[in-house]
Protein chains: 2
Amino acid sequence: MAAQRGEGDGVVTSPEAPADVRERARAIPEAAVARLAVYLRVLSGMVEQGVTTISSEELAGAAGVNSAKLRKDLSYIGSYGTRGVGYDVEVLVSHIERILGLTRKHSVAVVGIGNLGHALANYGGFPSRGFPVAALFDIDPDLTGVPVGGIPVNHIDDITSVCSEREVSIGVIATPPQAAQAVCDRLVSAGVQCILNFAPVVLQVPDYVEVRKVDLAVEMQILSFHVARRADEAASDVVNGIGVDGVVIRP
Amino acid sequence: MAAQRGEGDGVVTSPEAPADVRERARAIPEAAVARLAVYLRVLSGMVEQGVTTISSEELAGAAGVNSAKLRKDLSYIGSYGTRGVGYDVEVLVSHIERILGLTRKHSVAVVGIGNLGHALANYGGFPSRGFPVAALFDIDPDLTGVPVGGIPVNHIDDITSVCSEREVSIGVIATPPQAAQAVCDRLVSAGVQCILNFAPVVLQVPDYVEVRKVDLAVEMQILSFHVARRADEAASDVVNGIGVDGVVIRP
DNA sequence: TACCGCTTGTGAACGCATGCACAAAGTTGA
DNA sequence: TCAACTTTGTGCATGCGTTCACAAGCGGTA
Ligand SMILES: NC(=O)c1ccc[n+]([C@@H]2O[C@H](COP(=O)([O-])OP(=O)(O)OC[C@H]3O[C@@H](n4cnc5c(N)ncnc54)[C@H](O)[C@@H]3O)[C@@H](O)[C@H]2O)c1
Ligand SMILES: NC(=O)c1ccc[n+]([C@@H]2O[C@H](COP(=O)([O-])OP(=O)(O)OC[C@H]3O[C@@H](n4cnc5c(N)ncnc54)[C@H](O)[C@@H]3O)[C@@H](O)[C@H]2O)c1
């Protein structure tokens, strides 16, 4: 895989050793990977607007980060900028895609076709970014065979055969929390090594399986924490003789 | 900090000074706040199971973190454990709720009642955790007045009056990306200071507004990165004479 | 060609988060 | 009452991620 990649590709003057790329990929901090995905989205927008070149300062502004961080992030994947000029947008796009593994399609299976599962199955943003939804599963027999977003729902009991047939590499769990661990176990035994979990439970998986969770209640509670913190600050500022808008009261 | 902490604190025999709470809240790292929300969920489950006491080891296992980290996280909010015994589940729940600001209700407004907006509006997990969905907005006149999850949709033009009437403190953006910034601006001028954004765009907001984003495409791409990394490793291991299952080939 | 101005790429410093390891503090049982 | 045992709370070291600041490198210009 690494061997096929960069060799003789015009921008890279000398071919890099495969081991080098591997080392580099391993070394990219997870936080930087998440930002690279954001940069990629911004850059894709730029391509559509016909922008050919962009400086770190501009891109950083559009991505909402500081420019030093952006350059450091990009340096993890190599040096593809031109000093005094900036980055070629298309070159950057292709390199980020390569590092993120987007040169390959990743088929997705959604398990639990309820409120959320329907929304996910109907969402156009996944296929268009290289994540085709290849299978849907539910335990409800009434749903079996019903097409959602163009794909017929399979019964959960067929998960192993269907997943391997359709080469599913990412499993999305949108079942009630009670069912999540069982579903997860079945996905793992079906050979799925990447899981995106919407159910509010902590999944137990083998080491080689990568899990990411999206927990909306936690997000809400983090926001709540900030509201509370602000309220506390305001209260104590008033106590300290400072009004809510920063004006000193009764000096 | 260490000095203030323990003062006369049976379970909470004497009321703590507001300033103390404020200082402590300010100092909690964001990462710890996110985990506290997870601990809270696990603990709530424990209460339902009738568990009254839990050790850091047990709770850490259930929350998927190591126990030292858990104890450090809990130490940010105070010392409410009993050495040799563990933590009283209910006491811990109430203190985490207090720190997260969950003693107060936080009304939520969802903007953009499409695929995702419907799922969110119908989701029972928010109201039950102290985040009542108080208002829904969409630009589509056909949706105006239609009840979704029991709440009639308002037109986006009424956002300011409805939000202040219903004391909305958290705004959820589930509109197409093109509309997201405009919607965000309207929420902010309506006085909403916390925003949860599902649209794949980087929102620009004043400093005092707290934004959290949920970006599924980014999550997918992070998973994709790990798939690619694994594939690279496997490939290079084979090159290095190690088979995919760790067996040395052609030694 | 030599110089100038601009932007990248990165070494180094800093700060935050994590994990270890243990003293302190409590319980239990004799 | 005391000793043995359990578990918390935290000081400290380590590692990771962020930010600063500047040398190196490139294009443009005379
Ligand atoms: N709806 C939301 O907006 C939302 C938001 C945040 C989190 N969540 C979480 O996402 C999950 C799904 O939420 P929802 O609102 O779509 O719930 P839902 O009840 O509408 O749908 C759940 C679906 O999963 C199916 N199911 C149940 N057990 C199953 C099993 N063992 N195998 C396969 N399918 C099974 C059910 O038949 C149903 O169709 C829940 O865990 C919820 O907490 C939902
Ligand atoms: N559906 C998903 O599962 C999913 C997953 C990830 C991200 N998202 C993101 O969430 C957002 C919503 O996705 P969706 O699938 O629900 O889209 P959708 O097209 O089904 O719904 C969008 C809704 O927003 C409304 N809207 C448009 N402009 C508006 C405005 N200015 N003010 C108020 N309402 C407006 C539309 O009338 C529509 O009802 C998108 O940004 C999408 O990228 C969706």
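Every chain is numbered from 1 and lettered A, B, ... according to where its sequence line falls, protein lines coming before strand lines.
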- Task: Classify the side chain of A:Lys72 and the base of C:dG9 as holding, or not holding, a donor-acceptor pair under 3.5 Å.
- Result: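 It does not, because no donor-acceptor pair links the side chain of A:Lys72 to the base of C:dG9 below 3.5 Å.
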For nucleotides 23-30 of chain C, print each protein N/O atom paired with a nucleotide N/O atom at under 3.5 Å, atom names and distance only.
| unit_1 | atom_1 | unit_2 | atom_2 | d |
| --- | --- | --- | --- | --- |
| C:dA24 | N3 | B:Arg83 | NH1 | 2.7 |

- Side-chain N or O of A:Tyr76 less than 4.0 angstrom from OP1 or OP2 on D:dT18? no
- Query: Counting only non-hydrogen atoms, which of residues 52-68 of chain A are less than 4.0 Å from DNA chain C?
  - Reply: A:Ser55, A:Ser56
- Task: Kindly write out the residues that satisfy side-chain hydrogen bond (donor to acceptor under 3.5 Å, both in side chains) with B:Asp73, not counting sequence neighbours, or none if the list is empty.
- Result: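 Expected list: B:Arg35, B:Tyr39.
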Taking atom [atom2] of [N] as reference, at what distance in whole Å does atom [atom1] of [X] sit?
X: B:Leu92; N: D:dG9; atom1: CG; atom2: P; value: 9 Å
X: A:Asp88; N: D:dC26; atom1: CG; atom2: P; value: 16 Å
X: B:Lys69; N: D:dT8; atom1: NZ; atom2: P; value: 17 Å

- Message: Quick check for you: among C:dG19, D:dA21, D:dG9, whose closest atom lies nearest to any side-chain atom of A:Arg71?
- Response: D:dA21
Mark yes or no for whether [X], through its side chain, and [Y], through its backbone, hold a donor-acceptor pair below 3.5 Å.
X: A:Arg41; Y: B:Pro200; value: yes
X: B:Glu48; Y: B:Gly45; value: no
X: A:His106; Y: A:Gly101; value: yes

- Task: Go through the steps for A:Glu30 and B:His226 under the test side chain to side chain donor-acceptor pair (under 3.5 Å), then give the verdict.
- Result: CA-CA 10 Å; A:Glu30 184 112 340; B:His226 288 290; 3.0 Å; yes
